[in-house]
Structure formats: structure tokens, C-alpha cells
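Below is one structure, written out as C-alpha cells, with a few remarks after it.
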Amino acid sequence: MSIACKFSYMENQTFGDRLRALRKSRKFTQKDIARALNISAPAVVGWENNKALPSAENLLNLCKLLNTTTDYLTYGATSVSQIRENPGH
């Protein structure tokens, strides 16, 4: 199972899709994200292309930077009930 399938259930959006959309809506470049998290720009590219996922620490920092929740970024869920309705995703 690919990362895209494993971490996607709402509107067929993947983790990378949600990350890219949030980043662009906040007017950040991939380099801005990389600098803020003290990581490489290719790491951000990998996340957006669903080739890798951030560490737990980077995920939390990414959510703070983008003013979102880990549930939304990881699962596309805006509430706990959405996660419960779609177990295993």
C-alpha cells in the first residue's frame, strides 16, 4: 500500500496534496518550510510528492507553522468523528 493510499480518504487527497495546498494558501515556498523546520528543501518535496512522511517532531512543527492540526494534515479529518468513521486509514 502506498503512502498516498494509506494516508488518504477525504476527496482522494493525500498527505502531500493537503500539505501543498496549505503551504500555498499561506504563501510559503518549499524553501520557506525547509528553513523554518531546519531541514532540506528536497525533504519537503518528498512529502508533497508522497515519497516520504515527516518525523513526528517535524509533523508537529509543520502543523504549528501552517496553523493546522495533525489530524487534518495526516488524515484530512476536521473532527475526531471523521477519524472514527474511517478506521484503518
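Being a predicted model, the structure only gives us computed values, none of them experimental.
Shortest non-hydrogen contact noted between Q30 and V45 is OE1-CG2, 3.3 Å. When all heavy atoms of A43 and I39 are compared, the closest pair comes out as CB-CD1, 4.0 Å.
Legend: residues meeting salt bridge (charged side-chain N to carboxylate O under 4.0 Å, His left out) with R35, ordered by chain and number and at least two apart, are D32. Listed by chain and residue number, T14 satisfy the side-chain hydrogen bond (donor to acceptor under 3.5 Å, both in side chains) test with D17 (two or more places apart in sequence, or in another chain).
Taken from CG in L53 to CH2 in W47, the straight-line distance is 9.5 Å, to the nearest 0.5 Å. With rounding to the nearest 0.5 angstrom, the CZ atom of F15 is 6.0 Å from the OG1 atom of T74.
Side chain of N58 to main chain of P54: no donor-acceptor pair is present (N/O by atom type, distance under 3.5 Å, no hydrogens or angles). Not one N or O on the side chain of D71 forms a donor-acceptor pair closer than 3.5 Å with the backbone of A77.
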Give the table of side-chain donor-acceptor pairs shorter than 3.5 Å for residues 61-70, with sequence neighbours excluded, one pair per line with atom names and distance.
{"from": "N61", "atom 1": "ND2", "to": "E57", "atom 2": "O", "distance (Å)": "3.3"}
{"from": "T69", "atom 1": "OG1", "to": "Y72", "atom 2": "N", "distance (Å)": "3.0"}

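Identified under the salt bridge (charged side-chain N to carboxylate O under 4.0 Å, His left out) test for residues 21-31, with sequence neighbours left out: R23-E48.
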